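Just so it is clear, the structure is predicted and the values come from calculations on it, not from any experiment. The chains referred to below are lettered A, B, ... by the order of the sequence lines, with proteins before strands, and numbering in each begins at 1.
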Amino acid sequence: MASALFFYLFSVLAVAAGASVILTRNPVHAVLFLILAFFNAAGLFVLLNAEFLAMLLVIVYVGAVAVLFLFVVMMLDVDFAELKAGFIKNAKIGALIGGLVLLELLALVGYKGLAVSPVMSPTSPVPAGITNTRALGEILYTKYVYYFEGAGLILLVAMIGAIVLTLKHRQNVKRQSISAQVARGPATGLEVVKVPSGGSVIPPPAKHPEAAE
Amino acid sequence: MDSSVLNVVLPELILAIGAISLLMLGVFTSNGEAAGRTVTWLSIGLLLATAIAVFQGSGSSLVFGGAFVSDGFTRFLKIVILIGAALTLLMTFDNFGRAKLLQFEYPVLVLLATLGMLMMVSANDLIALYLGLELQSLALYVIAAFKRDDVQSSEAGLKYFVLGALSSGMLLYGASMLYGVTGSTGYATIAAAATIPEMSTNIGLTFGLVFVLVGLAFKIAAVPFHMWTPDVYQGAPTPVTAFFAGAPKIAAMALLLRFTQAALPGIAPQWQQIVIFLAIASMVLGSFAAIGQNNIKRLLAYSSIGNVGFALIGLAANNTEGTAGVLVYLVIYVAMTLGAFACVLAMQRNGRNVESISDLSGLAKTNLTFATILAVLMFSLAGIPPLAGFWAKWYVFLPAIKAGLYPLSVIGVVTSVVGAYYYLRVVKIMFFDETAEGFSPPEGRTFAVMALSAAFVVAFVLPFVGGTVVDAATAAASVLVPAHP
């Protein structure tokens with residue numbers, strides 16, 4: 001009873017938030033609604049006993065992807081009115097093609113039915129007694145270690161690529177060297193000047209401008 | 001995990017750990033250019049060491065739950081890929097040195113791309129296939145745009161990336177259908193499921209097959225999925241283009257061979273008709289579209305499209321001889337392509353590379369050696385006996401004729417005659433046209449690749465060169481399709 005209640009709560013909120021994403025005029029609000037939709041989808045996963053997927057959805061989609069969206073929306077100057085004008089201009093062609101594809105799909109389902117029966121069941125039984133996070137962890141680093149390491153190498157290539165293609169080593173830019181600052185002692189930071197009587201102290205040129213206060 | 005598994009994947013381990021170590025070496029060396037030079041030399045050494053490790057392997061073994069296979073077929077192709085990658089790295093020094101591109105990241109990315117290719121060759125599972133393909137492709141997108149201040153190079157990288165992502169999406173869509181229908185991502189289980197009689201009319205299986213083949217056809221640049229090739233080949237820096245035209249094509253062909261013959265032998269007639277169409281379309285477009293080209297890199301791009309079409313003829317035959325023919329074709333294709341690109345790299349005046357075919361005008365009078373080498377390679381690409389290019393075509397046409405694919409063979413022969421026109425035009429321009437300003441003498445390492453390639457092409461007719469390659473290819477192919485007569 002309680003789970004049915006929660007199912008309808010999460011579902012209604014998810015659908016409503018999803019609709020608001022495309023209906024709201026303010027793009028920042030749209031991203032916030034998207035985050036709400038993600039949270040409700042995560043709730044649905046918890047109801048299905050798939051708590052690992054729920055965590056993943058919150059951490060990856062809400063934590064990273066949605067925040068990235070928010071950055072893009074706020075930092076890039078996208079003219080949404082112009083985008084919308086283009087959308088309306090091509091709406092007829094889009095509707096035509098979309099309608100055709102829909103018709104084709106309906107015809108296919110009507111003709112063949114949806115029964116594409118798998119030869120073997122692709123689902124494996126839920127492991128008893130342990131959480132599915134642990135069950136995944138137990139095979140990810142043993143049975144599937146090859147895939148795991150392969151995916152790791154792909155991410156390494158992505159990182160190298162991003163650095164190679166975008167990082168520029170600019171000259172004449174002051175950089176902070178923390179080790180140099182920490183290693184700075186009385187010997188390098190202090191200079192004892194012998195002041196001749198009647199003379200004046202001519203301040204030597206500051207070696208570390210950020211340290212001179 | 002016991003040590004026997006590590007033994008099987010030893011070449012991949014050497015390459016992966018070596019690439020990461022060289023990355024660290026490059027990052028912690030302060031002098032950029034010197035680091036680039038050192039890391040490139042070390043990378044060449046690493047590739048050769050990996051090739052030796054591959055050569056040491058024996059027998060056939062399946063590890064990681066059947067996802068990774070190592071047998072005679074994979075060893076043959078891996079050695080070709082590793083040698084091809086090492087030779088392309090050898091050609092980068094001069095060109096990249098002048099363009100101030102000699103950074104250590106380039107050889108490291110080439111190493112990681114090569115690792116992806118080895119994973120592709122050994123893939124015996126749809127997930128392993130995808131991971132290898134993506135590791136290779138991602139590194140290739142980056143090196144296509146490596147000359148990042150150049151508009152053409154950036155355009156090449158972006159175009160390759162967007163279209164490559166699209167094709168990966170298609171491939172994954174097909175893979176998900178195959179998984180949904182057969183209940184497994186492993187080739188063995190898919191093959192078992194596909195041989196059930198009622199499966200041959202299953203919509204899911206057919207759609208999955210079509211989508212995966214579309215994705216793979218994009219990677220080997222078979223028509224009609226070739227549109228990216230001329231632009232990417234022209235835009236990318238020439239050493240990068242030389243790399244693109246060689247090793248990645250072999251890896252993708254290996255993937256195609258194993259996927260069709262190991263995972264889906266049960267529905268062979270279905271994929272055969274697709275392969276026949278791809279072969280015909282590639283040969284026709286490759287030979288006709290190249291006629292009007294003035295840029296030699298674009299010409300070679302169309303030539304590579306045509307060559308893929310010829311190689312696919314062997315696959316369409318669907319027997320051991322045909323597969324062996326594909327392997328022989330790939331070896332000869334790589335040798336000729338590397339030589340041709342070495343020649344393109346050597347086309348330079350006053351420290352600048354020129355790429356137009358008219359720049360070759362009258363080369364025979366200013367530099368006869370260069371002109372002779374390029375002429376030999378062009379004759380070979382055109383398929384003139386007794387050069388290697390003729391034997392490559394011989395070994396793919398013969399099984400196709402034996403398998404009764406007469407229309408395909410006739411179209412192949414006709415298009416190869418059409419293709420001969422534009423190869424021979426280059427020779428005519430070099431030997432009989434008015435003399436243009438001569439090129440600077442080729443740099444030693446580039447010249448070595450040119451000479452090596454030309455020597456291989458000429459010497460292929462000798463039994464101890466050509467015979468060795470053909471015997472090795474036949475042995476490798478018999479591992480893949482033992483069931484066929």
Chemist: Rounded to the nearest 0.5 Å, what separates atom CG in B/Leu13 from atom CD in A/Glu149?
Modeler: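 Between B/Leu13 CG and A/Glu149 CD, I get 9.0 Å after rounding to 0.5 Å.
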
Chemist: Which label fits B/Phe64 and A/Tyr146: parallel for a plane angle under 30°, tilted from 30 to 60°, or perpendicular past 60°?
Modeler: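 Ring orientation of B/Phe64 relative to A/Tyr146: parallel.
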
Chemist: How would you list, by chain and number, every residue that makes a side chain to side chain donor-acceptor pair (under 3.5 Å) with B/Asp125, sequence neighbours excluded?
Modeler: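 Only A/Tyr147, B/Thr185 meet the side chain to side chain donor-acceptor pair (under 3.5 Å) criterion with B/Asp125.
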
Chemist: At a heavy-atom separation under 4.5 Å, does A/Leu156 approach chain B through its side chain, its backbone, both, or neither?
Modeler: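 The side chain, not the backbone.
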
Chemist: Return the option, out of A/Leu167, A/Ile163, A/Leu155, with the maximum number of heavy-atom pairs under 4.5 Å with chain B.
Modeler: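 It is A/Leu167.
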
Chemist: Would you say CZ of B/Arg148 has more than 12 non-hydrogen atoms from neighbouring residues, nucleotides or ligands within 6.0 angstrom?
Modeler: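 Correct, the count exceeds 12.
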
Chemist: So with a 6.0 Å cut-off around OH of A/Tyr61, is the heavy-atom count from everything else above 12?
Modeler: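 Atom OH in A/Tyr61 is not crowded, with 12 or fewer foreign heavy atoms closer than 6.0 Å.
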
Chemist: If I compare all heavy atoms of B/Glu105 with all of A/Val164, which pair ends up nearest, and what's the gap?
Modeler: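 Closest pair (atom of B/Glu105, atom of A/Val164, distance): CG-CG2, 3.1 Å.
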
Chemist: Which of the residues B/Ile127, B/Leu112, B/Val63, B/Val108 is involved in the greatest number of heavy-atom pairs with chain A at under 4.5 angstrom?
Modeler: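 Maximum pair count with chain A is reached by B/Ile127.
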
Chemist: Let me know if A/Leu165 has heavy atoms under 4.5 Å from chain B in its side chain, its backbone, both or neither.
Modeler: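 Interface part for A/Leu165: both.
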
Chemist: B/Leu135 versus chain A, heavy atoms under 4.5 Å apart: side chain, backbone, both or neither?
Modeler: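 Both parts, heavy atoms under 4.5 Å.
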
Chemist: Using the side chain to side chain contact (heavy atoms under 4.5 Å, CB included) rule, pick out the option among A/Val157, A/Ile160, A/Leu153 that qualifies with B/Leu138.
Modeler: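 The side chain to side chain contact (heavy atoms under 4.5 Å, CB included) with B/Leu138 is passed solely by A/Val157 among A/Val157, A/Ile160, A/Leu153.
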
Chemist: Side chain, backbone, both or neither: which part of B/Ile143 has an atom under 4.5 Å from a heavy atom of chain A?
Modeler: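 No part of it gets close to chain A.
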
Chemist: B/Met119, B/Gln136, B/Glu134: which one forms the most heavy-atom pairs within less than 4.5 Å of chain A?
Modeler: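 Ranked by heavy-atom pairs under 4.5 Å with chain A, first place is B/Met119.
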
Chemist: Name all residues meeting the ring-ring contact (aromatic ring centres under 6.0 Å, His included) criterion together with B/Phe207; count only those two or more places apart in sequence or in a different chain, and write none if there are none.
Modeler: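 ring-ring contact (aromatic ring centres under 6.0 Å, His included) check on B/Phe207 returns nothing, list empty.
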
